[in-house]
Asker: 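Before I ask anything, let me first share the structure, which is written out below as structure tokens.
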Amino acid sequence: MSKSSRLLNDIWPQERDVFVRPDRLKYVRRAAIPKTCVFCEAASTTQKKSKLVVYRSDAAMVVLNKYPYNNGHLLVLPTRHIGELEELSVDEFAEISLLVKESVRILKKVYTCKGLNVGLNLGAAAGAGIPDHMHYHVVPRWFGDTNFFPLIAETKLVVESLSTTYKKLSNEFKKLKK
Ligand SMILES: [Zn+2]
């Protein structure tokens, strides 16, 4: 190996080092995604708790992520089945934006998190797990939550059951006016 290619290997991690293949993820997820849209089911269900819906109005809703990155990981989305941000009506966009704001407020209150990630993955190429029904992620963060614990304890920091998370957060969302 030449000196320059060794240097390049030091700068650019090789696949064997990283084990992240976002280009393959779409195949893995496709196998796991049910035929019906889970978000549309959540939009119409009468069983809100079993579908993890903590808030729902005609236009928008807030649901728990079934596979949370962290305790309290919320998804904010339109009730309508649309994949593109620009397809949202002005009213839908306004309500979703307000719900993102309220989600941040509630997560800070309930989980006293030190920060949050708020974001959109639009399209499968951008990493969206369910690209046909767009959704914001609102993820509470604490210092060291992703790096420190998995390394020393081989444990994810998601220690709370979804039913506990549901109870805590739905109580807060109940206070919002529809
Ligand atoms: Zn849908």
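When a ligand or atom number is given, it counts from 1 through the structure's own listing order. Residues: numbered from 1 along the sequence shown.
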Asker: Determine, step by step, whether Glu160 and Tyr111 satisfy the side chain to side chain donor-acceptor pair (under 3.5 Å) criterion, reporting the C-alpha distance in whole Å, the side-chain angles of both residues, the deciding distance to 0.1 Å, and the verdict.
Answerer: CA-CA 11 Å; Glu160 188 173 83; Tyr111 287 99; 2.4 Å; yes
Asker: Does any pair with a residue in residues 114-133 pass ring-ring contact (aromatic ring centres under 6.0 Å, His included), and if so which ones, sequence neighbours excluded?
Answerer: Phe39-His133, His81-His133
Asker: Around the Zn ion (ligand 1), how many protein N/O/S atoms fall inside 2.8 Å?
Answerer: 4
Asker: Using salt bridge (charged side-chain N to carboxylate O under 4.0 Å, His left out) as the criterion, list what pairs up with Glu87, not counting sequence neighbours.
Answerer: none
Asker: Got a sec, which pairs hit side chain to side chain donor-acceptor pair (under 3.5 Å) with one end in residues 113-124, sequence neighbours left out?
Answerer: Asn117-Arg141
Asker: Measuring from Leu169:CG to Leu52:CG, what's the distance to the nearest 0.5 Å?
Answerer: 11.0 Å
Asker: Hey, is Glu172 close enough to Arg105 for a salt bridge, meaning N to O under 4.0 Å?
Answerer: no
